[in-house]
2 protein chains.
Amino acid sequence: MTDSTKGRRGSGKRERLAAAAAEVLHTQGVDRTTLADIARAADVPVGNVYYYFKTKDQLVEAAIDAHGRTLDGLITALDELPTPEDRLKALLNGWAEQRELTAQYGCPTGTLASELDKRADGLDRSIAAVMRTLLDWAERQFAEMGRADARELAFALIAAYQGISLLTNTFRDPELMTIEAGRLERWIDSLARKGPEDDDARS
Amino acid sequence: MTDSTKGRRGSGKRERLAAAAAEVLHTQGVDRTTLADIARAADVPVGNVYYYFKTKDQLVEAAIDAHGRTLDGLITALDELPTPEDRLKALLNGWAEQRELTAQYGCPTGTLASELDKRADGLDRSIAAVMRTLLDWAERQFAEMGRADARELAFALIAAYQGISLLTNTFRDPELMTIEAGRLERWIDSLARKGPEDDDARS
DNA sequence: GTCTATATTGCGATAGAC
DNA sequence: GTCTATCGCAATATAGAC
């Protein structure tokens, strides 16, 4: 991050653009968002955007980075909690609290990934890296619970979230998220009850 | 479907366009697909498209309908199988067999839903209807297994599939689908073993 | 009914004044 | 460093010949 602020002087317009981009790209989608939309949201004149970003793709990349840092912050906060079960349940809670936003626009990471995965440029790998961060963190929690199949469980957990986010968005029904979060919480409880090395059943 | 072929005479160009659209929209995404792309795939001159569809959105709608009919065919085939467990497992099998395509382009229904849900036009409701068909079918299977929580289970199953499709696509790794399909199969087995009215645990 | 040529629009990107 | 004016292009859509 040391030289991500290159121009200096300006009162963080670059950061404002990246943050505004992250939000607008989430609500409107990448392809349907124009530079004018982002500039307006960041309160920056359109033409001036090109002083900070040479292309639209570079701005999208900056938005992905900004979103990645937001997620890193969330993970850091979760890591304050004492046990892996607490941390995973706190994550579920965060998902449930965001249900209204998810019903309107889907999961920010997931919808970005879905859209960018159809493109040949490097943007698809950037969002994959963000997704990987979350996956690795979840795997660490399951490993700390003593599960030999921590990796599989991590994929199952994140997949369940991404899938219910999509359905919550498709049917515009925030309660779908609440119900699935409850189910996943009982699932984590059942894993803890069984204890380590029981890697057979689904849960 | 009676008057979905209105012009007559022409050797099914309308159907060819809708089928080609369904495929190209899946691989390229809606916004990044031009009418020229679809026309080329259907081997129809660009300008001629407008004889069959007044706008691009109408062609997208026809593509969604075509995809919906494909899914109806799949469901009809599954319903030939004797037990709900057989039918659900056959569905899992179909998903696993499509894993290479999913790794490249994601689930056709899911990626369409993700993209169209950000739009205000009626297209988002059309793809929701397709998703609903699959959900209702799955619910019927669980209900037939005697589960009181059939609806929740149906959402959990489809969400798991949509989520792992997204991850399979994001990481370009078809094996993720294989692993999750195996897990879901064990889950369905465990539901059958427990029998009806056991609606407590995750699985 | 089929196809070509073209009108129209909207957006990414640039030039250059301040 | 900041902003305005504008270029160039791609894509939807239309007009109209065959």
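Naming convention: chains lettered A, B, ... in sequence-line order (proteins, then strands); numbering from 1 in each chain.
Salt-bridge annotation for B/Glu80 and B/Arg87: absent, with no side-chain N of the basic residue lying under 4.0 Å from a carboxylate O of the acidic one.
Applying the side-chain hydrogen bond (donor to acceptor under 3.5 Å, both in side chains) criterion to A/Trp137, with sequence neighbours excluded, gives A/Asp79. For the salt bridge (charged side-chain N to carboxylate O under 4.0 Å, His left out) test, no residue two or more places apart in sequence or in another chain qualifies with B/Asp65. Looking at residues two or more places apart in sequence or on another chain, you find no side-chain hydrogen bond (donor to acceptor under 3.5 Å, both in side chains) involving B/Lys56.
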Hey, what are the protein-to-nucleotides 9-13 of chain D N/O distances that come in under 3.5 Å?
from   : atom 1 : to      : atom 2 : distance (Å)
D/dT12 : OP1    : B/Leu35 : N      : 3.3
D/dT12 : OP2    : B/Leu35 : N      : 3.3
D/dA13 : OP2    : B/Tyr50 : OH     : 3.2
D/dA13 : OP2    : B/Lys56 : N      : 2.9

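With rounding to whole Å, A/Asp31 atom CG is found 18 Å from C/dG10 atom P. The distance from atom CZ of B/Arg40 to atom C1' of C/dC3 is 17 Å, rounded to the nearest whole Å. One can place CG of B/Leu17 at 11 Å from P of C/dC3, the figure rounded to the nearest angstrom. As a whole-Å value, the separation of A/Asn48 CG from C/dA13 P is 15 Å. As rounded to whole Å, 12 Å separates atom C1' of C/dG10 from atom CG of A/Asp37. With rounding to whole Å, A/Ile38 atom CD1 is found 12 Å from C/dC11 atom P.
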Under 3.5 Å, side-chain donor or acceptor atoms of residues 70-77 of chain B against the rest of the protein: list the pairs with distances, not counting sequence neighbours.
from    : atom 1 : to      : atom 2 : distance (Å)
B/Thr70 : OG1    : B/Ala66 : O      : 3.1
B/Thr76 : OG1    : B/Asp72 : O      : 2.8

Ignoring hydrogens and angles, write down the donor-acceptor pairs under 3.5 Å from the side chains of residues 155-165 of chain B, residues two or more places apart or on other chains.
from     : atom 1 : to       : atom 2 : distance (Å)
B/Ser165 : OG     : B/Tyr161 : O      : 2.9

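Look at A/Tyr51 and you won't find any side-chain N or O under 4.0 angstrom from OP1 or OP2 of D/dT2.
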